[in-house]
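The structure under discussion appears below in the form of structure tokens.
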Amino acid sequence: MSAPGYAPPQAPGYVHPQSQGYAPPQTPGAYPTGGYPAGTYPAAVPPRGLLPWALGLLILFPVPFLGGLLSGIAMAVSGGASRRFGGVARENARAALNWGLTYLLVSTVLIVSHFVILFTLTEDSPTGFYPIGIPITVYFALSLLHLVLVIVGMVRASSGKVMRVPFAIPYLRA
């Protein structure tokens, strides 16, 4: 408690909150110097493994089939590089690497099989889309699943949780 009639001294350039306007400091250099006081910096956010999942969005690259292949390669390379951080980042990087390699393998097999079937079955006579188009239809469904998994992985990694893909081939184990 302060003594009656005592008011603390005002800082130079201080404007009482009830008055209107802003009064600049009366003396040059009256602003505080020296930066923030110790202990007021925000805590550094530890790595969470978000980058490998975010690189999965390369599937949206506008060149057909190339975006999917780039996406799988980028997830695998970035997942391998992000494993050194440890903790949640290591687990998310491992999961992204496993899913990226799985997606790369399965999509490559589907694209190659589509073109093999296309050139072998249509040599003699043209047929309908679905005996030939089954691999490419599965590829587009897999790409849609990939897009959903990448978005879910990004959301989970940004909140500090581990994204697990149970049906990915475990190239790297924990």
Side-chain angles (χ1 to χ4, degrees), residues 35-174:
Y36 293 104
T40 60
Y41 293 111
V45 177
R48 296 171 286 199
L50 179 64
L51 181 64
W53 287 110
L55 286 175
L57 290 177
L58 283 175
I59 192 171
L60 300 175
F61 191 71
V63 178
F65 308 118
L66 185 61
L69 298 177
L70 285 175
S71 173
I73 292 169
M75 285 180 74
V77 169
S78 176
S82 296
R83 287 178 43 105
R84 70 178 190 273
F85 293 122
V88 174
R90 181 180 180 89
E91 291 302 311
N92 275 323
R94 183 182 59 79
L97 184 140
N98 286 339
W99 172 247
L101 288 175
T102 301
Y103 176 73
L104 180 65
L105 175 73
V106 173
S107 63
T108 303
V109 166
L110 287 170
I111 291 170
V112 168
S113 66
H114 170 71
F115 286 111
V116 166
I117 291 171
L118 179 69
F119 292 126
T120 58
L121 290 182
T122 58
E123 282 180 357
D124 302 331
S125 65
T127 59
F129 175 75
Y130 267 106
I132 298 169
I134 290 173
I136 203 70
T137 305
V138 173
Y139 168 75
F140 285 126
L142 178 70
S143 295
L144 184 63
L145 174 69
H146 171 75
L147 190 61
V148 169
L149 285 175
V150 163
I151 291 171
V152 170
M154 286 174 49
V155 169
R156 289 187 60 89
S158 68
S159 65
K161 297 177 184 169
V162 176
M163 171 68 178
R164 300 196 195 285
V165 183
F167 44 85
I169 299 171
Y171 293 101
L172 292 176
R173 298 190 188 267

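No experiment lies behind these values; they were computed from the predicted model shown. Reckoned from all heavy atoms, side chains included, excluding hydrogens, waters and symmetry mates.
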Could you give all pairs that pass the side chain to side chain donor-acceptor pair (under 3.5 Å) test and reach residues 131-156, with sequence neighbours left out?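 As it turns out, the side chain to side chain donor-acceptor pair (under 3.5 Å) pairs with a partner in residues 131-156, which skip direct neighbours, are Ser71-His146, Trp99-His146, Tyr103-Ser143.
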Among residues two or more places apart or on two chains, list those pairs meeting side chain to side chain donor-acceptor pair (under 3.5 Å) that have a residue in residues 49-62. none
Point-to-point distance, once rounded to the nearest 0.5 Å, from [atom1] of [X] to [atom2] of [Y]:
| X | Y | atom1 | atom2 | value |
| --- | --- | --- | --- | --- |
| Asn98 | Arg164 | CG | CZ | 11.5 Å |
| Met75 | Ile59 | CE | CD1 | 10.0 Å |
| Leu110 | Ile117 | CG | CD1 | 9.5 Å |
| Leu97 | Thr102 | CG | OG1 | 9.0 Å |
| Leu101 | Ile169 | CG | CD1 | 9.0 Å |
| Ile136 | Leu118 | CD1 | CG | 9.5 Å |

Determine the minimum heavy-atom distance between [X] and [Y], stating which atoms define it.
| X | Y | value |
| --- | --- | --- |
| Leu55 | Ser78 | CD1-CB, 3.4 Å |
| Gly49 | Asn92 | O-CB, 3.8 Å |
| Leu104 | Thr108 | O-OG1, 2.6 Å |

Does the Ser158 side chain pair with the main chain of Val155, one donor and one acceptor, at a distance under 3.5 Å?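 Answer holds: yes.
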Pair Val138, Val106 - check side-chain contact (heavy atoms from CB on, under 4.5 Å), show working. CA-CA 10 Å; Val138 173; Val106 173; over 6 Å; no
Can you confirm whether Met163 sits close enough to Val152 that some side-chain heavy atom of one is under 4.5 Å from a side-chain heavy atom of the other? yes
